[in-house]
Amino acid sequence: MGLFAKKRIIEKTEVDFKVPVSLGVIMDGNGRWAKQRNLPRSAGHRAGADNLKELCKNCGNLGVKYLTVYAFSTENWSRPSDEVETLMNLFVEYFGRYDSELEQEGIRVRFSGDIEALPERIREVCKVGEERSKNRQKMQLIVAFNYGGRRELVQACQSIAQDVVSGKITFSQIDEKLISSRMYLPDVPDPDLIIRPSGEKRLSNFLLWESAYSEFVTLDCLWPDFGMEELKQAILEYSGRDRRFGGLSINEKRGE
Ligand code: FPP
């Protein structure tokens with residue numbers, strides 16, 4: 001009897017598959033993936049970069065419109081210099097090697113972060129990549145590189161303070177809408193869902209302002225092993241969440 005009742009409950013809780021319009025992914029676990037295979041960390045990052053291409057295809061095919069991935073944080077500079085160099089080189093190589101595939105998939109590429117502070121060769125990749133892909137329509141891939149949520153907020157504050165000092169705006173005009181408009185990519189919708197593989201359960205300075213009402217799903221698999229099955233699993237979990245944005249659920253509003 002117990003078993004039968006349980007099955008009914010599971011059937012009752014079956015949910016529609018709601019694909020997020022805007023998705024964030026923290027690509028974590030490259031180092032552990034490499035360690036499990038007795039490979040250098042650089043091999044994990046390379047496998048991680050290859051997997052990003054798969055994620056783009058899978059998200060585009062499912063109907064995601066904006067995919068933001070955390071590729072290099074403002075804190076990642078504290079890693080050993082050879083690892084930082086690997087990540088920079090991989091970044092340059094990646095867009096040279098994969099841009100034609102991204103083009104075939106209709107994927108526009110944009111970059112978010114303190115791009116001005118990056119070396120010239122990286123800034124050039126960002127400039128060329130954005131320009132070359134600007135008319136692609138299917139999905140936007142936003143690569144957060146030298147990105148930190150706190151730095152984004154500091155830079156937004158500085159830009160607003162400058163406008164107050166110069167008399168362009170008064171301090172009473174500062175509201176949430178204005179702050180949102182000073183984020184790196186204000187036209188990109190806040191993420192509906194943020195996924196973090198590798199079992200860690202924190203945001204690590206990713207999209208601090210934009211994630212106010214994002215759903216958060218963590219999975220145990222490591223980033224290079226995160227495929228379509230894992231993506232669907234995370235979206236299924238998200239689909240079952242009751243997003244109330246601080247208000248009431250539809251059922252509560254109906255008085256049920
Ligand atoms: C975190 O895993 C991952 C990173 C700091 C880098 C993410 C970069 C990539 C997936 C590839 C580069 C991206 C582009 C766009 C070319 P970790 O190294 O901290 O893993 P660990 O926690 O297992 O050590």
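Both ligands and their constituent atoms are indexed starting at 1 by order of listing. All values reported here derive from a predicted model rather than from experimental measurement. All values below were derived from every heavy atom in this structure, side-chain atoms included, with hydrogens, water molecules and symmetry-related copies excluded.
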>> I'd like to check which ligand 1 atoms, numbered from 1 as shown, lie under 4.0 Å from a non-hydrogen atom of Gly31.
In response: 17 (P), 18 (O), 20 (O), 21 (P), 23 (O), 24 (O)
>> Yes or no: does Lys35 have any heavy atom under 4.0 Å from an atom of ligand 1?
In response: no
>> Can you classify the ring geometry of Tyr213 versus Phe245 as parallel (below 30°), tilted (30 to 60°) or perpendicular (above 60°)?
In response: tilted
> If you measure from each non-hydrogen atom of Leu222 to ligand 1, which part falls under 4.0 Å: side chain, backbone, both or neither?
Replying inline: neither
>> Quick test of your reading of the structure: of Met88, Glu200, Glu93, His45, whose heavy atom lies closest to atom 4 (C) of ligand 1?
In response: His45
> What atoms in ligand 1 come closer than 4.0 Å to a heavy atom of Asp28?
Replying inline: 1 (C), 2 (O), 17 (P), 19 (O), 20 (O), 22 (O)
>> Just to be sure I'm reading this right: ignoring hydrogens, which of Asp50, Thr86, Asn30 gets closest to atom 9 (C) of ligand 1? Compare them by their nearest heavy atoms.
In response: Asn30
> Can you list the ligand 1 atoms lying under 4.0 Å from a non-hydrogen atom of Asn76?
Replying inline: 5 (C)
> Using 4.0 Å as the upper bound for N to carboxylate O, is an ion pair formed by Arg32 and Asp225?
Replying inline: no
>> Taking a cutoff of less than 4.0 Å between a non-hydrogen atom of the residue and any ligand atom, is Arg41 in contact with ligand 1?
In response: yes
> Does the separation of the ring centres of Phe72 and Phe91 fall below 6.0 angstrom?
Replying inline: no
>> Please determine whether side chain to side chain donor-acceptor pair (under 3.5 Å) holds for the pair Thr86 and Arg41, giving the CA-CA distance in whole Å, both sets of side-chain angles, and the decisive distance to 0.1 Å.
In response: CA-CA 9 Å; Thr86 295; Arg41 290 179 63 82; over 6 Å; no
> Taking the six-membered ring for Trp, are the ring centroids of Phe95 and Phe111 within less than 6.0 Å of each other?
Replying inline: yes
> Among Leu141, Val109, Leu52, whose heavy atom sits nearest atom 14 (C) of ligand 1?
Replying inline: Leu52
>> Nearest non-hydrogen contact with atom 17 (P) of ligand 1 belongs to which option: Arg79, Arg32, Glu75, Arg97?
In response: Arg79
> Does NZ or CZ of Arg79 fall inside the cone over Trp77's six-membered ring, less than 6.0 Å from its centre and within 45° of the axis?
Replying inline: no
